[in-house]
Amino acid sequence: MRTSLAIASVVVYLACGTAVAQGLDHFDASDIRAVELDDNFYILYFPTGGNLLVSIGEQGVLIVDDQFRNRVPAFLERIRGLGGNGVDVVINTHWHADHAQGNRVLGAGGSWIISHLNSREMLTRERIVNTVQAQTPYPVWETSALPVATFDETMQVHFNGQRVDLMHFGRAHTTGDAAVIFRGHNVVHLGDVFNTSSYPFIDADNGGHVDGVIAFCEAVLMQIDEDTVVVPGHGEVATYQDLRDYVDMVQTVRDRIAELVDDGANLDEVIAANPTADWDDELTNSLRFVDRVYANLTR
Ligand SMILES: [Zn+2]
């Protein structure tokens with residue numbers, strides 16, 4: 001009986017990819033892996049959805065990104081286990097649901113939410129995220145889920161003895177990405193501008209652009225040093241050199257696709273040419289990345 005149930009649930013997961021993608025699957029605190037990056041400073045990894053950073057200290061709890069809303073009770077329990085109580089401040093790296101939908105629970109509960117001004121603007125109107133595999137509609141979010149403070153180019157937050165720099169370097173993964181740099185901990189969270197678990201997704205239909213991803217990462221590399229812990233939106237933490245290598249990969253793939261487009265190739269021909277071949281053993285399924293770069297370069 002258990003076996004058939006397990007098989008049935010696998011089938012349901014495969015059939016309902018969007019349910020998993022929207023965080024509607026069941027979730028427990030034990031599904032979250034916490035790793036201490038520095039004193040009272042943690043990364044929380046989830047089986048799906050974006051990475052959280054958590055600062056716990058005398059002023060309370062500050063987190064970067066807040067996952068799908070159904071995961072809030074689980075990560076609040078996890079944070080309590082680490083010595084924190086509730087969440088005082090949330091910084092959104094951008095507005096996608098797997099990074100910011102927890103706003104809908106935490107904002108209503110009194111947390112102060114901060115984001116780039118374009119991210120807040122996106123939350124105030126209906127929009128669709130085209131991930132190539134799916135078209136995900138987003139409703140307008142209620143006022144309590146919206147950031148109460150926004151920034152344009154840079155902003156500093158001072159909390160738990162840390163200076164936290166929020167920096168925006170133009171459109172990249174979206175039009176409202178923030179790099180969040182904890183100067184004292186020497187850690188940066190790049191949201192989905194950087195990814196170590198798969199090829200990057202570029203939200204091209206909502207203004208994201210591959211050239212911006214490259215420029216954004218180059219700008220962050222100027223802000224950090226070779227010892228900085230570099231946190232991606234998804235996947236394991238990385239190093240300065242990993243980010244450098246990632247920029248080179250994105251640039252190379254972009255240039256290969258641009259050359260094919262200049263030669264008159266259509267999307268099917270670009271995919272058939274496999275411009276990501278050098279990295280496919282490590283980063284599987286490049287279709288979404290290639291499709292979105294092609295969209296950027298042909299519109
Ligand atoms: Zn995203």
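All heavy atoms count here, side chains included; hydrogens, waters and symmetry mates do not. Quantities reported herein were computed from a predicted structural model and do not represent experimental measurements.
- Note on Tyr246 and Ile224: same hydrophobic cluster, where clusters join Ile, Leu, Val, Met, Phe, Trp and Tyr whose side-chain heavy atoms are under 4.5 Å apart, directly or indirectly.
- There is no path of hydrophobic side-chain contacts, each under 4.5 Å, that joins Leu44 to Leu37.
- Salt-bridge formation is detected for the pair Asp205/Arg292: a Lys NZ or Arg NE/NH1/NH2 atom is positioned less than 4.0 Å from an Asp or Glu carboxylate oxygen.
- At distances below 3.5 Å, not a single donor-acceptor pair connects side-chain atoms of Asn195 with backbone N or O atoms of Asp192.
- Of the possible donor and acceptor atoms, one in the side chain of Asn130 sits under 3.5 Å from a partner among the backbone N and O of Val132.
- A salt bridge is absent between Glu226 and Arg244: the closest approach of a Lys/Arg side-chain nitrogen to an acidic carboxylate oxygen does not fall below 4.0 angstrom.
- Under a hydrophobic-cluster definition in which Ile, Leu, Val, Met, Phe, Trp and Tyr are linked whenever side-chain heavy atoms come within less than 4.5 Å, directly or via other members, Leu287 and Tyr199 are assigned to the same cluster.
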Test salt bridge (Lys or Arg N to Asp or Glu O under 4.0 Å) on Arg127 and Glu121 and set out the steps. CA-CA 11 Å; Arg127 64 258 180 234; Glu121 197 275 327; over 6 Å; no

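- The distance from atom NE2 of His189 to atom CG of Leu166, rounded to the nearest 0.5 Å, is 11.5 Å.
- Each of Ile43 and Ile63 belongs to its own hydrophobic cluster when Ile, Leu, Val, Met, Phe, Trp and Tyr are linked at side-chain heavy-atom distances under 4.5 angstrom.
- Within the model, atoms SG of Cys217 and CG of Leu243 stand 5.0 Å from one another, a figure rounded to the nearest 0.5 Å.
- Note: His99 and His94 meet the aromatic proximity criterion, with ring centroids under 6.0 Å apart.
- In this structure, Val188 and Val180 have side chains that are not in contact, with every pair of non-hydrogen atoms separated by 4.5 Å or more.
- Within a 6.0 Å sphere centred on CD of Glu259, other residues, nucleotides and ligands contribute 12 heavy atoms or fewer.
- Between atom CD of residue Glu142 and atom CG of residue Leu123 there is a gap of 10.0 Å, rounded to the nearest 0.5 Å.
- Side-chain contact between Tyr42 and Leu53 is absent, with no heavy atoms from C-beta onward closer than 4.5 Å.
- Looking at Ile181 and Val164, their side chains never come closer than 4.5 Å, going by heavy atoms from C-beta outward.
- Taking 4.5 Å as the limit, some side-chain heavy atom of Tyr45 sits within range of a side-chain heavy atom of Val237.
- The minimum heavy-atom distance between Ser197 and Leu283, with the atom names listed, is C-CD2, 4.2 Å.
- A donor-acceptor pair is defined here as one N or O able to donate and one able to accept, closer than 3.5 Å; no such pair exists between the side chain of Ser286 and the backbone of Phe289.
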Worked verdict on Val290 versus Thr276 for side-chain contact (heavy atoms from CB on, under 4.5 Å): CA-CA 8 Å; Val290 171; Thr276 61; 3.9 Å; yes

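- With hydrogens and angles disregarded, a donor-acceptor distance shorter than 3.5 Å links the side chain of Asp225 to the backbone of Thr228.
- Inter-residue side-chain proximity for Asp242 and Thr196 is flagged as unmet; no heavy-atom pair is nearer than 4.5 Å.
- The 12-atom threshold is exceeded at CH2 of Trp279, counting heavy atoms of other residues, nucleotides or ligands nearer than 6.0 Å.
- Side chains of Asp227 and Asn186: no donor on one and acceptor on the other come within 3.5 Å.
- Nearest heavy atoms, Ser119 versus Gly176: OG-O, 2.9 Å.
- Taking the six-membered ring for Trp and the full ring otherwise, Tyr138 and Trp95 have centroids separated by under 6.0 Å.
- More than 12 heavy atoms of other residues, nucleotides or ligands shown are found within 6.0 angstrom of CD on Gln241.
- Minimum heavy-atom separation, Phe182 to Gln162: CB-OE1, 3.9 Å.
- Counting heavy atoms of neighbouring residues, nucleotides and ligands inside a 6.0 Å radius, atom CG of Asp248 exceeds 12 of them.
- Side-chain contact between Phe194 and Val220 is absent, with no heavy atoms from C-beta onward closer than 4.5 Å.
- A donor-acceptor contact shorter than 3.5 Å links the side chain of His116 to the backbone of Asp152.
- Residues Val193 and Ala172 approach most closely at CG2-CB, 4.1 Å, considering heavy atoms.
- With Gln101 contributing its side chain and Arg69 its backbone, the two residues share a donor-acceptor pair below 3.5 Å.
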Between Tyr294 and Leu260, does the side-chain contact (heavy atoms from CB on, under 4.5 Å) criterion hold? Intermediate values first, please. CA-CA 10 Å; Tyr294 179 88; Leu260 291 160; over 6 Å; no

Worked verdict on Asn103 versus Asn92 for side-chain hydrogen bond (donor to acceptor under 3.5 Å, both in side chains): CA-CA 9 Å; Asn103 287 8; Asn92 294 152; 2.8 Å; yes

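- Smallest separation of non-hydrogen atoms from Gly170 and Phe216: O-CD1, 3.7 Å.
- Remark: of the listed residues Asn160, Val187, Val54, Leu62, Val187 is the sole one forming a side-chain contact (heavy atoms from CB on, under 4.5 Å) with Phe41.
- No donor-acceptor distance shorter than 3.5 angstrom exists from the side chain of Glu77 to the backbone of Gly81, with no hydrogens or angles considered.
- Ring orientation note: the planes of Phe201 and His96 are tilted relative to one another, at an angle of 30° to 60°.
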Hey, mind stepping through Asp278 and Arg256 against salt bridge (Lys or Arg N to Asp or Glu O under 4.0 Å) and telling me if it holds? CA-CA 12 Å; Asp278 306 62; Arg256 286 176 183 171; 2.8 Å; yes

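- With hydrogens and angles left out, the side-chain atoms of Gln156 and Arg183 include no donor and acceptor closer than 3.5 Å.
- Between Arg254 atom CZ and Ile202 atom CD1 the span is 10.5 Å, to the nearest 0.5 Å.
- Gln67 contributes a side-chain N or O that, together with a main-chain N or O of Thr48, makes up a donor-acceptor pair within less than 3.5 Å.
- The nearest pair of heavy atoms linking Ala100 to Trp141 is O-CZ3, 3.3 Å.
- Of the possible donor and acceptor atoms, none in the side chain of Asp31 sits under 3.5 Å from a partner among the backbone N and O of Phe46.
- Here Tyr240 pairs with nothing under the ring-ring contact (aromatic ring centres under 6.0 Å, His included) rule; sequence neighbours left out.
- Taking CD from Glu153 and CG from Leu117, the interatomic distance works out to 10.0 Å, rounded to the nearest 0.5 Å.
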Passes side-chain contact (heavy atoms from CB on, under 4.5 Å), Met155 versus Ile114? Steps please. CA-CA 10 Å; Met155 176 181 193; Ile114 303 170; 3.7 Å; yes

Criterion side-chain contact (heavy atoms from CB on, under 4.5 Å) on Val129 and Asp203, from CA distance to verdict: CA-CA 7 Å; Val129 177; Asp203 193 351; 4.0 Å; yes

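- Here CG of Asp291 is found 10.0 Å from CG of Asn296. Values are rounded to the nearest 0.5 Å.
- Leu221 and Val210 fall within a single hydrophobic cluster, where Ile, Leu, Val, Met, Phe, Trp and Tyr are joined by side-chain heavy atoms under 4.5 Å apart, directly or via other members.
- By the 4.5 Å heavy-atom criterion applied to side chains, Val61 and Ile79 are counted as neighbours.
- No side-chain donor-acceptor contact under 3.5 Å links His168 and Asp177.
- The main-chain N or O of Gly49 is never found under 3.5 Å from a side-chain atom of Asp98 such that the two would form a donor-acceptor pair.
- Looking at Gln223 and Met167, their side chains come closer than 4.5 Å, going by heavy atoms from C-beta outward.
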